[in-house]
Amino acid sequence: MKKNEKLLQKIFECLADAGRKPQLFEPGEQLFWNDPHISKSMLDAHLNPNTDGASRRAGSIEKTINHLVSTSVIKQDDKVIDLGCGPGLYSSRLCMHGINVTGIDISQRSINYAQKKAEELGLSIDYICRGFLDIDYDGVFDCVLQIYGELCTFSDEARNRLLGIIHRALKDEGRFIFDVSTRNLRMREGATNNWHFSDGGFWRPNRHVVLEQGFDYPEHDAWLNQYTVIAEDGEIKTYRLWFHDYSLSTISQVLNSNGFEMEYVWSALDGAEYKAGSDWIAVAAKKL
Ligand SMILES: C[S@@+](CC[C@H](N)C(=O)[O-])C[C@H]1O[C@@H](n2cnc3c(N)ncnc32)[C@H](O)[C@@H]1O
């Protein structure tokens, strides 16, 4: 078959498959956080102080750290691990408050940036490039942080495995501080069925087409943002970003059945008072 015919066939197969609703938590393309181009786009998004793209805006990060430290949810002599630290926007601010921080992230590009920044600022932070599920600490930390809804990206089985790893990493009565999104946010911000052409952008450096789809799994409180990227050179990849949203009652149950008790709840980690129907639920939970 000629090259063009093969490509056309691939595109048709991909378009035919785009109509299929994937199985719950069916994986897509694996290389995302460490893709040479996407990781660069992500780092740019993390470092943009004016958007909530990959990290929240600078003002919100500042407010969050001030809240957690001033209320002693994180104490001066605590040993803290920041899971999914990205380029270290929270870790570095905690360190400036004199707190001992370890930052873990799967993105080598983000960790390289975080290490360089810490060196420039004279901050002593232990940054490690590793997956959440590959850490192995036993009773080491006073607090585990996981910020910007990362817990929502896991299936129930993987989430419980991660909660077990976090539980083990904490000292007795240590705190797990995190936030999860709610269905409220998803109904507004979940991907819609759409497509666009780009001369080069977030997904690829050169010309490409993106088919964007949103799939709802209401009986599981889950949502899939699916992006099929068709590049000019004929490469076709499907990226799946899964979200398991929570309510106050479902996240409390999950914590209780994994050895935690909810100590504080807010609508945001900056200390905003919890209100039913909020987009986010922010929690500090104690290891039992
Ligand atoms: C939404 S970003 C949030 C980053 C940071 N917490 C913040 O709010 O600025 C999620 C981060 O988790 C990291 N990440 C995703 N999956 C991971 C995994 N399995 N193990 C470790 N890090 C992961 C990504 O590289 C990314 O930096």
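Please read these numbers as outputs of a predicted model, since none were measured by experiment. Ligands are counted one by one from 1 in listed order, and the atoms in each one are counted from 1 as well.
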(message) Within the 4.0 Å heavy-atom shell around Arg130, which atoms of ligand 1 are there?
(response) 20 (N), 21 (C)

(message) To check your reading of the model: name the closest protein heavy atom to atom 22 (N) of ligand 1, its residue, and the distance in Å.
(response) Ile106 N, 3.1 Å

(request) Taking atom types as modelled, find out whether Asp35 and Trp33 have a side-chain donor-acceptor pair closer than 3.5 angstrom. (result) no

(request) Can you sort out which atoms of ligand 1 are near His46, meaning under 4.0 Å from one of its heavy atoms? (result) 2 (S), 4 (C), 27 (O)

(message) If I apply the N/O under 3.5 Å rule, does Gly131 come out as touching ligand 1?
(response) no

(request) Please determine, by modelled atom types, if Ser91 and Asp82 share a side-chain donor-acceptor pair under 3.5 angstrom. (result) yes

(request) Consider ligand 1: state whether an atom of it lies below 4.0 angstrom from any non-hydrogen atom of Ile104. (result) no

(message) Is it true that, when you exclude Lys40 itself, more than 12 heavy atoms of the residues, nucleotides or ligands shown sit nearer than 6.0 Å to its NZ?
(response) no

(message) Regarding ligand 1, does Tyr90 bring an N or O atom to under 3.5 Å of one of the ligand's N or O atoms?
(response) no

(message) Any nitrogen or oxygen of Cys85, side chain or backbone, less than 3.5 Å from one on ligand 1?
(response) no

(request) Look only at interatomic distance and state if Phe132 has a nitrogen or oxygen under 3.5 Å from any nitrogen or oxygen of ligand 1. (result) yes

(request) Run the salt-bridge test on Asp279 and Arg188 with the 4.0 Å N-O cut-off and return the result as yes or no. (result) yes

(message) Taking 4.0 angstrom as the limit and counting only heavy atoms of Ala54, give me the atoms of ligand 1 inside it, by number and element.
(response) 1 (C), 2 (S), 3 (C)

(request) Before signing off on this row, confirm whether Phe154 and ligand 1 have an N or O atom pair separated by under 3.5 Å. (result) no

(request) Assess the side chains of Ser252 and Ser249: does a donor N or O sit below 3.5 Å from an acceptor N or O? (result) no

(message) Name the residue from Arg186, Arg183, His220 that meets the side-chain hydrogen bond (donor to acceptor under 3.5 Å, both in side chains) definition with Asp245.
(response) Arg186

(request) Check each of Gly88, Gly84, Gly86 against atom 12 (O) of ligand 1 and report the one with the nearest heavy atom. (result) Gly84

(request) Check whether the side chains of Glu62 and Asn66 place a donor and an acceptor atom closer than 3.5 Å, and report yes or no. (result) no

(request) Give a yes/no on ligand 1: does Ser110 have at least one heavy atom closer than 4.0 angstrom to it? (result) no

(request) Looking only at protein heavy atoms, identify the closest one to atom 16 (N) of ligand 1 and say how far it is in Å. (result) Trp33 NE1, 3.5 Å

(message) I need the nearest protein heavy-atom contact for atom 9 (O) of ligand 1: residue, atom name and distance, please.
(response) Ser55 OG, 2.6 Å

(request) State if Met42 counts as touching ligand 1 under the rule of any non-hydrogen atom under 4.0 Å. (result) no

(message) Heavy atoms only, cut-off 4.0 Å: how does Pro87 contact ligand 1, side chain, backbone, both, or neither?
(response) neither

(request) Answer yes or no: does atom CD of Glu273 have more than 12 heavy-atom neighbours from other residues, nucleotides or ligands under 6.0 Å? (result) no

(message) Between ligand 1 and Tyr148, is the shortest N or O to N or O distance under 3.5 Å?
(response) no

(request) Would you mind checking which non-hydrogen protein atom is closest to atom 25 (O) of ligand 1, with the distance to 0.1 Å? (result) Asp105 OD1, 2.6 Å

(request) Would you please classify the geometry between the Phe215 ring and the Tyr217 ring as parallel, tilted or perpendicular, with 30° and 60° separating the classes? (result) tilted

(message) Can you report which non-hydrogen protein atom sits closest to atom 10 (C) of ligand 1, along with the distance?
(response) Glu150 OE1, 3.1 Å

(request) Considering non-hydrogen atoms only, spot the tightest contact between Gly234 and Lys10 and give its length. (result) O-NZ, 2.9 Å

(message) Applying a strict under-4.5 Å side-chain criterion to I, L, V, M, F, W and Y, I'd like to know whether Tyr227 and Met42 cluster together.
(response) yes

(message) Other residues, nucleotides and ligands only: do more than 12 of their heavy atoms fall within 6.0 Å of CZ on Phe197?
(response) yes

